[in-house]
Structures are given as structure tokens and as C-alpha cells.
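Notes to accompany the following structure.
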Amino acid sequence: MPAHMGRRWADRGWQLAPIPMLYRAQEHPDLSMLNGCSPDMPLAFDNMSMEEAQSAENVWNAMLAEARARKGCITAKTKDEVRHMMSPGLIVDRPGAHSTMGITGQYGYARVTSPIRRLDDLIIHWQIKAQMLAEHMGAKDQQPWFWKQADITRLAPILFRKEFLSKQLMKMNDEFWAMTLMQRMDFEARRGRLQLPPPGFYDEGSEHYRDLPWCYYDPRKPGPLIWTATVDNRDAGRFFISVIISGGLGARAALVPRPVERERLPFAGTKVRVQLQGVDPVTTKLMVRLAPDEYQPPETPKFWSSNTVLCGTYAQVPSMHMLPENVPTVTP
């Protein structure tokens, strides 16, 4: 909240100057050109009929109502229903609306709070410094810091592309190390050699402790670890269910097999417990399967209780290292 207030305060101050600067913009979606919820899948909104849910405007307004009721937050289930409606966020040279931030005024939205790690924030700090020198120090020459409007216009699309690529690289780096850790831990756990954390390291009475693999690991019973994951989206066009591994790792995984029936696919945000099936940190591919029923959260609907599931999925990931089903016990 303080960071957001600082950005908005800076936006308004610069408009009074004015100073050429970089803005973040996201156009409001054109709801007349978009579809609502899928008619052949269960609804994510309890207070809406299937007919009403076919209107993108009705779905968008339901999302806004939930955000107002939850102090600006929405559930993963609701986000999954509107994510296809959201316009891409851009770096631009003029103030504009930002749909996700709820900004529609003339001042726009800019980021200024992280000049150490974001180049566009640093450039804006240079702009502020140049303006302050000109106003309060009698500096006639604003160089070398000041960027003119033509410079900002030329720079905005370049920064957007560079930022996109850097985010992709950071994501690959994070997932590589997360998957490497999971691979090594599972390797040792299947052999009964994984060391437990020291007593008292975790609050074992905490609800969050049950989302960690340590809660279910017993060195006397070697086997695959039990990981907690959250369904990321409800995409019926994939042969798997996209999930995100919990516990601070954030690695994306493909949960297989998945129900063939579209109506059985779980909502985004559904918590499940899984075991590693295959992993390749280099290509950042991770495949998991559901853990036995006794490990599943009691609030999770049993969407896997189906007689028909997709088969032959392993052929679609030939580069993945498949983990062995049974490993002989090795006494430490």
C-alpha cells in the first residue's frame, strides 16, 4: 500500500510539472467483443445463472463486486474466469488507464519505488533529479539525466521488450532451482536418506505445515514425497491439469492423468497433494500425479474419481526423466 500511494502521489506531482516519464497502462477490456463463461463447464459464480454467465459484462461485473467485497482481492477461481478478458499491460510514454489497478483518471500510473532493480524506475528518478536541480539549484542544463519526450517515446517499447525477456529468464531460473531441489529431495526420500529438519524448525501445529512434504515423510518408510499444489487454471484444451507447487517453490507442473469430462475439471485454486512423476530442470518440465486419497485435503472435491482418464500422456514429453516407481530400501 505505501508503494502504491507513492506511485500515485508521484504521478500527480509530475503532471503538474510536467516531466516526460514512463507509465504503466492497461486498457479496459472491450467486453462487447468477448465471451463469458464456458456453457459446458460448472459456473464459478454462485449468484449467476448459466444464461447470465454467457455475457462477458456480467462476468466482469461479478468479478468487480467480489473485489469490492474482499477489499480489492479476488479468488483464484474468479481470476481464472476473467483472465482471458484482461488486456496486456504495457510501458507507454503518456498517462493512461490501468484496468487492474482501477485507475481511470488523467494522471495514469507509474512505478518509482525500485530504482535499484528496475531500469524504468531508475530513469524516472533521473527525471525527478533533473527537475529538482532545475527548479531549486538554478541548473540550466538538465543533462546528463534528463530524457526529453522524444527519448521517452523511443525508449518505452524497447523497455517493454527487455522487461518481458528478463521476466521470462527469471522465471526459468526460479523454476530450474525449484525443480532441482524437488528432484534431489525426492531422490533421497525414495531411498530413505532424506534428513528431517531439526525439531522445532517448523511449527508443526500450524495449518501451513500440512502443505509441506515434511508433514508426510517418514525415513523408515522410503517412498516419493507428498507435495502440495494448487490448480492454476481450468483449461479443457490441455491433456493435463496445470498446477503450482506450494511451499514457496512456485514451480508449475502438469498433473496427469486428468478427467476426460470437462465438467470434472477442478476450479483454479483447488488444493491437491501430488507426487513427482517426471522432472527435467533444464527444460523446466515437471510432471506430477495425484497422491493417494488419504493424503488429499478433506475440502478438495474428488474430481479424479472417474472411470475415464486420458492415457498415453508420457509420449508427449520424451525429454523428461521419468522417476522409478519402486526403489530398493537403502539403510543409511
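Quick note: numbers below take in every heavy atom, side chains included, and nothing from hydrogens, waters or symmetry partners. Keep in mind that what you see is a predicted model, and the values were worked out from it rather than measured. For this chain, numbers begin at 1 and follow the sequence in order.
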Main-chain N/O of [Y] paired with [X] side-chain donor or acceptor, under 3.5 Å:
| X | Y | value |
| --- | --- | --- |
| E57 | L31 | no |
| T270 | F267 | yes |
| N58 | A53 | no |
| S114 | I116 | no |
| E66 | T75 | yes |
| R258 | A236 | yes |
| H98 | T104 | no |
| S166 | K162 | yes |
| Q127 | W147 | yes |
| H28 | S87 | no |

Whether [Y] and [X] form a salt bridge (side-chain N of Lys/Arg under 4.0 Å from carboxylate O of Asp/Glu) is what I want to check.
| X | Y | answer |
| --- | --- | --- |
| D80 | R83 | yes |
| R238 | D235 | yes |
| D40 | R262 | yes |
| R154 | D93 | no |
| R118 | E163 | no |

For [X] versus [Y], what's the shortest heavy-atom pair and its separation?
| X | Y | answer |
| --- | --- | --- |
| E175 | G250 | OE2-O, 4.2 Å |
| E81 | A44 | CG-CB, 3.5 Å |
| T283 | D280 | OG1-OD2, 2.9 Å |
| G192 | P222 | N-CB, 3.6 Å |
| I91 | A156 | O-CB, 3.6 Å |

Side-chain heavy atoms of [X] within contact of [Y], under 4.5 Å:
| X | Y | value |
| --- | --- | --- |
| E294 | R273 | no |
| M182 | L249 | yes |
| P42 | R234 | yes |
| M86 | S99 | no |
| V274 | R289 | no |
| V272 | P266 | no |
| V243 | D232 | no |
| C37 | M50 | no |

Supply the atom-to-atom distance [X] [atom1] to [Y] [atom2], rounded to the nearest 0.5 angstrom.
| X | Y | atom1 | atom2 | value |
| --- | --- | --- | --- | --- |
| R94 | L22 | CZ | CG | 11.5 Å |
| M48 | Q54 | CE | CD | 10.5 Å |
| I158 | F160 | CD1 | CZ | 13.5 Å |
| D186 | Y217 | CG | OH | 10.5 Å |
| L286 | M179 | CG | CE | 4.5 Å |
| D120 | H125 | CG | NE2 | 10.0 Å |

Please lay out, stage by stage, how W60 and V82 fare under the test side-chain contact (heavy atoms from CB on, under 4.5 Å). CA-CA 7 Å; W60 187 264; V82 299; 4.3 Å; yes

Does [atom1] in [X] sit with more than 12 non-hydrogen atoms of other residues, nucleotides or ligands closer than 6.0 Å?
| X | atom1 | result |
| --- | --- | --- |
| H84 | NE2 | yes |
| R184 | CZ | no |
| Q168 | CD | yes |
| K79 | NZ | no |
| E207 | CD | no |

For the pair Y202 and Y209, name the ring-plane relationship: parallel under 30°, tilted 30 to 60°, perpendicular over 60°.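 Correct class here is tilted.
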
Linking I/L/V/M/F/W/Y whenever any side-chain heavy atoms sit under 4.5 Å apart, do [X] and [Y] land together?
| X | Y | result |
| --- | --- | --- |
| L276 | I244 | no |
| M172 | M170 | no |
| L43 | M85 | no |
| F201 | L212 | yes |
| I226 | V288 | no |

As a quick check of understanding, evaluate side-chain contact (heavy atoms from CB on, under 4.5 Å) for L290 and Q296, giving each step before the final call. CA-CA 8 Å; L290 284 167; Q296 298 300 329; 4.0 Å; yes

Check whether NZ of the Lys or CZ of the Arg R191 lies under 6.0 Å from the centre of the six-membered ring of F187 and within 45 degrees of that ring's axis. yes

Whether the T100 and Q26 side chains hold a donor-acceptor pair (N or O, under 3.5 Å, no angle test) is what I'd like checked.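 Judged by distance alone, the side chains do pair up.
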
Run the numbers on W126 and I123 for side-chain contact (heavy atoms from CB on, under 4.5 Å), then give the verdict. CA-CA 5 Å; W126 287 340; I123 290 173; 4.1 Å; yes

Verify whether the ring centers belonging to Y295 and Y216 lie closer than 6.0 Å. yes

Using the rule given for side-chain contact (heavy atoms from CB on, under 4.5 Å), can you reason through W214 versus L225, listing the C-alpha separation, both sets of side-chain angles and the distance that settles it, and then say yes or no? CA-CA 8 Å; W214 307 113; L225 290 173; 5.9 Å; no

Checking side chain to side chain donor-acceptor pair (under 3.5 Å) against K271, which of T230, T300, D211 comes through?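 Passing option: D211.
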
